[in-house]
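Residue numbers count from 1 along this sequence. Atoms within each ligand, like the ligands themselves, are counted from 1 in listed order.
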Amino acid sequence: MNTRESPSASHTCDVLVIGGGPAGSTVATLLAQKGHRVTLLEKAHHPRFHIGESLLPANLPLFEKLGVADEVRAIGIRKYSAEFVSPQHANQQRFNFADAWDKSMPYAYHVHRADFDHVLIRNAERKGAEVIEGCRVKDAVFHADGATVSAQHDDGRNDTWQTRFIVDASGRDTFIANRLRAKHRNPLHNSSAMYAHFVGVRRNEGDAAGNISIYWFEHGWFWVIPLADGATSIGAVTWPYYMKQRGTRPLDDFLADTIALSPALVERLQGASRISPVEATGNFSYTTDHTHGPHYILLGDAYAFIDPVFSSGVMLAMQGAFFGADAVHTCLSQPANSKAAMARFDRQLRHGPKAFSWFIYRMTSPTMRDLFMGPRNLLRMKEALLSLLAGDIYGKTPIWPSLLAFKTVYYLAALRHLPRTVAAGRKRRRDIAAVADGDMAVRG
Ligand SMILES: Cc1cc2nc3c(=O)[nH]c(=O)nc-3n(C[C@H](O)[C@H](O)[C@H](O)COP(=O)(O)OP(=O)(O)OC[C@H]3O[C@@H](n4cnc5c(N)ncnc54)[C@H](O)[C@@H]3O)c2cc1C
């Protein structure tokens with residue numbers, strides 16, 4: 001880590017990156033490799049805990065390009081499949097990534113984010129970015145040539161940077177979107193989560209040991225994510241009204257009571273014990289009304305986040321960083337082409353959340369549950385769905401007609417069970433309604 005000697009010095013750089021999560025560390029690496037003077041400010045000190053431990057097969061080519069594939073392999077456990085367990089269905093459904101349209105991406109990893117984010121930020125530093133941890137960005141003032149950024153170090157010192165460009169990768173802090181009042185709650189989705197690490201959770205045999213499992217239950221769904229050191233991450237994603245029911249109960253008890261609502265999960269947790277405090281996050285579904293502005297772009301969660309059900313957040317953050325690095329590079333090195341570069345970046349960044357959102361919004365509906373628990377490969381629909389689950393949604397992927405066919409089948413099935421569909425639609429509208437206090441982030 002670089003340290004500053006002057007207590008209130010002013011510095012210059014080409015690109016100032018706010019935040020050293022997957023988006024910030026990736027974009028800093030790429031822009032430094034393109035020869036720009038990059039400074040990344042991170043308010044925390046890595047390694048630090050972060051939720052979001054299940055990665056997608058589409059992450060792997062990005063690791064290769066960044067030069068961290070071996071390091072990520074060393075800290076991860078392979079996830080070959082995603083398993084779904086529904087209380088309304090007798091079977092357990094396993095989706096193998098090897099069966100996706102593109103058979104070249106058969107697995108992904110589960111990682112402790114503390115280790116993973118540490119690998120990425122150290123890589124940014126190795127590749128030439130100046131990385132300053134324990135330094136929180138407090139203010140950014142834009143002017144004709146760029147921006148002046150003020151930040152405060154852990155020890156109270158203040159520094160400023162004159163930069164030609166800002167990349168906001170501040171995650172859920174949404175630094176720029178908050179300042180511009182451009183962040184909006186997603187009117188079509190709303191959920192909350194509580195989670196912790198456990199040991200002694202039963203695992204599958206062999207290659208299936210690292211599979212992610214999703215257990216639906218009455219108030220949402222659970223994730224079960226095996227990690228390489230024997231720990232297992234377990235989280236409940238629930239509607240806000242359910243979180244509100246916690247009342248004054250300690251979060252530990254509330255998570256235990258919630259797990260008790262899923263007999264299949266209870267059975268899997270026989271003999272398991274919790275090894276971390278329970279944490280909770282509320283109302284994490286939001287978007288920003290724009291992706292960029294003069295001298296800045298937004299990346300990853302600093303732009304939007306919908307829901308963790310498809311484990312897409314890290315992949316979207318990192319892939320967005322690749323798109324963002326190209327756009328910023330063009331703005332800095334060929335200003336005449338900035339407008340076209342930003343228009344392309346805008347399309348690329350919006351594409352990710354859009355591709356997943358239709359499925360996310362319907363994931364807890366009875367019709368979608370039926371289709372997931374009994375998938376058919378008619379018109380290659382199952383392969384296309386698997387490619388979506390793998391995060392293979394960019395470039396020339398041919399999955400879109402088959403996904404359209406899947407959506408058509410969904411609507412026909414929903415029509416066939418019209419009363420059930422109408423009742424589920426009404427329930428969903430109630431479920432996603434905002435609940436005072438239930439939307440706030442809480443800690444156990
Ligand atoms: C309950 C839940 C479960 C999830 N599960 C998954 C999953 O299984 N798989 C998956 O892929 N995704 C998951 N996600 C989403 C995932 O966590 C995020 O999408 C991902 O971390 C986004 O990366 P990012 O770099 O945009 O932001 P972050 O990873 O949040 O990084 C932002 C960084 O910016 C720093 N920062 C913030 N403000 C400032 C400031 N003012 N100055 C300096 N630094 C600052 C923060 O300290 C942080 O390190 C989950 C999300 C939730 C809420």
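Across the listed options Asp168, Ile51, Thr26, Ile51 owns the non-hydrogen atom lying nearest to atom 2 (C) of ligand 1. Residue nearest to atom 12 (N) of ligand 1, selected from Ala321, Ser192, Gly313: Gly313 (by heavy-atom distance). One option in Met318, Arg113, Glu53, Glu279 has a heavy atom closer to atom 16 (C) of ligand 1 than any other, and that option is Arg113. When Gly52, Gly235, Gly282, Gly391 are ranked by how near their heavy atoms come to atom 13 (C) of ligand 1, first place goes to Gly52.
For the residue pair Trp216 / Thr364, no side-chain donor-acceptor distance below 3.5 Å is found, with atom types taken as modelled. A donor-acceptor pair shorter than 3.5 Å cannot be found between the side chains of Thr12 and Gln162. Side-chain atoms of Arg428 and His189 include a donor-acceptor pair closer than 3.5 Å. For the residue pair Glu71 / Asn123, no side-chain donor-acceptor distance below 3.5 Å is found, with atom types taken as modelled. Side-chain atoms of His112 and Asp229 form a donor-acceptor pair, as typed in the model, at a separation below 3.5 Å.
Phe63 has its ring centre less than 6.0 Å from the ring centre of Phe116.
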Should Phe97 and Tyr107 be marked as a ring pair (Phe, Tyr, Trp, His ring centres under 6.0 Å) after you check the CA-CA gap, both sets of side-chain angles, and the distance that decides it? CA-CA 6 Å; Phe97 294 118; Tyr107 65 87; 9.4 Å; no

Evaluation steps, side chain to side chain donor-acceptor pair (under 3.5 Å), between Arg344 and Thr330: CA-CA 11 Å; Arg344 188 167 54 247; Thr330 302; 4.8 Å; no

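More than 12 heavy-atom neighbours from other residues, nucleotides or ligands sit within 6.0 angstrom of CZ on Arg48.
If you check which protein heavy atom lies closest to atom 4 (C) of ligand 1, you get Pro308 CB, 3.4 Å. For atom 18 (C) of ligand 1, the closest non-hydrogen atom on the protein side is Asp301 OD2, 3.2 Å. Closest to atom 11 (O) of ligand 1 among all protein heavy atoms lies Val314 N, 2.8 Å. When hydrogens are left out, the protein atom nearest atom 31 (O) of ligand 1 is Gly21 CA, 3.4 Å; that is the closest non-hydrogen contact. Among protein heavy atoms, atom 1 (C) of ligand 1 sits closest to Ala193 CB, 3.5 Å. Closest protein heavy atom to atom 27 (O) of ligand 1: Gly171 CA, 3.4 Å. Closest protein heavy atom to atom 35 (C) of ligand 1: Glu42 OE1, 3.3 Å. Of the protein's non-hydrogen atoms, the one nearest atom 45 (C) of ligand 1 is Lys43 CG, 3.7 Å.
The atoms of ligand 1 that sit less than 4.0 Å from any heavy atom of Ala169 are 32 (C), 33 (C), 34 (O). For ligand 1, the atoms lying closer than 4.0 Å to a non-hydrogen atom of Arg136 are 41 (N), 42 (N). Listed by number with element, the atoms of ligand 1 under 4.0 angstrom from any heavy atom of Ser54 are 7 (C), 8 (O), 9 (N), 10 (C), 11 (O). Of all atoms in ligand 1, listed by their number and element, those nearer than 4.0 Å to a heavy atom of Trp223 are 1 (C), 3 (C). Taking every non-hydrogen atom of Ala23 and a distance limit under 4.0 Å, the qualifying atoms of ligand 1 come out as 25 (O), 26 (O). Of all atoms in ligand 1, numbered sequentially from 1 with element shown, those under 4.0 Å from a heavy atom of Ile18 are 40 (C), 42 (N).
Asp326 and Lys34 are joined by a salt bridge, as a carboxylate oxygen and a charged side-chain nitrogen come within less than 4.0 angstrom of each other.
Under the rule for a side chain to side chain contact (heavy atoms under 4.5 Å, CB included), the partners of Val309 that lie at least two apart in sequence or sit in another chain are Trp221, Asp307, Ile360, Met363.
Relative ring orientation between Phe359 and Phe310 is described as perpendicular, the plane-to-plane angle rising above 60° on a 0-90° scale split at 30° and 60°. Relative orientation of the His153 and Trp161 rings is tilted, given thresholds of 30° and 60° on the angle between their planes.
Distance CZ/Phe165 to OG1/Thr163: 9.0 Å, rounded to 0.5 Å.
Taking only nitrogen or oxygen atoms, main chain and side chain alike, Ser311 reaches within less than 3.5 Å of ligand 1. For ligand 1, the polar-atom distance check against Arg48 finds a nitrogen or oxygen pair separated by under 3.5 Å. Polar contact check, Ile225 against ligand 1: no nitrogen or oxygen pair lies under 3.5 Å apart. Not one N or O of Asp117 is nearer than 3.5 Å to an N or O of ligand 1, by distance alone. By the 3.5 Å distance cut-off applied to N or O atoms, Pro22 is counted among the residues near ligand 1. Taking only nitrogen or oxygen atoms, main chain and side chain alike, Gly300 does not reach within less than 3.5 Å of ligand 1. Between Asp173 and ligand 1, at least one N/O pair is under 3.5 Å apart. The shortest N or O to N or O distance between Tyr195 and ligand 1 is not under 3.5 Å.
Using a 4.0 Å cutoff on heavy atoms, Gly320 does not count as a contact of ligand 1.
Of all heavy-atom pairs spanning Ile432 and Trp239, the tightest one is CG2-CZ3, 3.7 Å.
When each of Ile214, Val85, Thr258, Leu261 is tested with Phe222 by the rule side chain to side chain contact (heavy atoms under 4.5 Å, CB included), just one qualifies, namely Thr258.
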